[in-house]
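Quick notes on the structure that follows.
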Amino acid sequence: MQLDIKGLSKTYSNGVQAIKNVSLTLNEGMFGLLGPNGAGKSSLMRTIATLQEADEGSVHLDSIDVLKQKTAVRQLLGYLPQEFGVYPKISAELMLNHIAQLKGISSKTERKEMVGYLLNKVNLHKDKKKSLGTYSGGMKQRFGIAQALMGNPQLIIVDEPTAGLDPAERNRFYNLLSEIGENTIVILSTHIVEDINTLCSNFAIICQGEVLFTGTPDDAIRQLEGKIFAKTISKTDILRYREKYKVVSTQLKSGKLSIRILSESNPTEDFMAVTPDLEDVYFTRISSKLDINTL
Ligand code: ADP
């Protein structure tokens with residue numbers, strides 16, 4: 001399967017252009033949409049999930065015209081929105097059974113099997129009788145994935161799934177997501193670089209509605225090889241360094257500032273050449289759009 005997005009644009013009625021001429025081709029596997037808050041990730045995902053209209057452009061899932069054949073897309077789609085509300089008084093098991101009915105699984109036995117299988121997969125079997133309102137953030141997200149997987153979707157969209165999870169919950173969630181990928185197109189949006197590193201074979205950086213990079217994490221990093229330099233400076237010198245160099249990121253460490261800069265040639269002032277990482281890629285790309293001083 002392939003998802004082909006061409007020249008997609010969307011402006012909201014308040015004048016905000018959330019998606020600007022976005023073109024992307026996604027194959028099976030985990031594809032990450034990385035960008036800061038307000039970049040347009042949810043807008044793009046909601047459009048692909050047939051929940052809102054685009055102004056221009058096209059989206060095709062193989063031969064299905066996603067923007068027109070909404071029912072056909074919905075039969076193949078699993079979606080976990082950013083704000084995933086649950087009915088607090090209903091148990092996970094009952095809710096999944098209900099979702100299975102909505103997805104058209106009419107046989108009771110088949111539904112029971114599917115619900116049991118998914119509860120096991122997301123490790124909620126022993127909590128299946130508990131009401132959803134008592135679930136922790138991580139459990140809710142795992143339940144969210146279970147409902148998104150109902151009915152064997154070919155296209156799965158998960159919007160900022162790791163936001164708000166603690167490190168252990170995030171790890172469990174990574175393991176769960178990484179099991180899905182193989183024969184399905186999975187789109188995951190995040191502002192967390194580690195999510196891309198851990199999960200995604202391909203990704204795009206999106207900022208102010210525009211795609212700034214698309215490719216593999218390795219390709220992205222390779223493009224910065226030999227161009228990232230680091231140094232620890234005193235906090236008060238930062239303005240001077242910002243004036244002179246393209247500062248990619250700063251990190252406070254025991255009262256001192258560790259800075260990384262982008263430079264085509266070896267800078268003077270005893271900087272040290274360092275191995276670039278995906279965070280350098282991210283900050284380098286988005287700083288071309290945003291004021292780096294505010295990052
Ligand atoms: P992200 O998911 O990357 O945080 P969004 O797609 O939610 O970004 O938002 C992109 C931009 O569109 C933001 O400026 C946001 O305020 C605006 N926006 C999102 N949804 C709406 C809406 N329904 N009406 C008007 N503006 C919106």
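In listed order, ligands and their atoms are each counted from 1.
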(message) Listing request: all ring-ring contact (aromatic ring centres under 6.0 Å, His included) pairs with a residue in residues 188-237, at least two apart in sequence or in separate chains.
(response) Phe203-Phe213
(message) Looking at Lys6 and Asp4, is any side-chain nitrogen of the basic one under 4.0 Å from a carboxylate oxygen of the acidic one?
(response) yes
(request) Could you list all the ring-ring contact (aromatic ring centres under 6.0 Å, His included) pairs where at least one residue sits in residues 26-64, not counting sequence neighbours? (result) none
(request) To the nearest 0.5 angstrom, please state how far the CD1 atom of Ile187 sits from the CG atom of Leu24. (result) 8.5 Å
(request) Hey, could you give me each pair passing ring-ring contact (aromatic ring centres under 6.0 Å, His included) that has a residue in residues 86-117? Not counting sequence neighbours. (result) none
(request) From the options Val158, Val122, Leu80, select the one residue that forms a side-chain contact (heavy atoms from CB on, under 4.5 Å) with Gln141. (result) Leu80
(message) With a 4.0 Å heavy-atom cut-off, what residues sit around ligand 1?
(response) Tyr12, Asn14, Val16, Ala18, Pro36, Asn37, Gly38, Ala39, Gly40, Lys41, Ser42, Ser43, Arg46
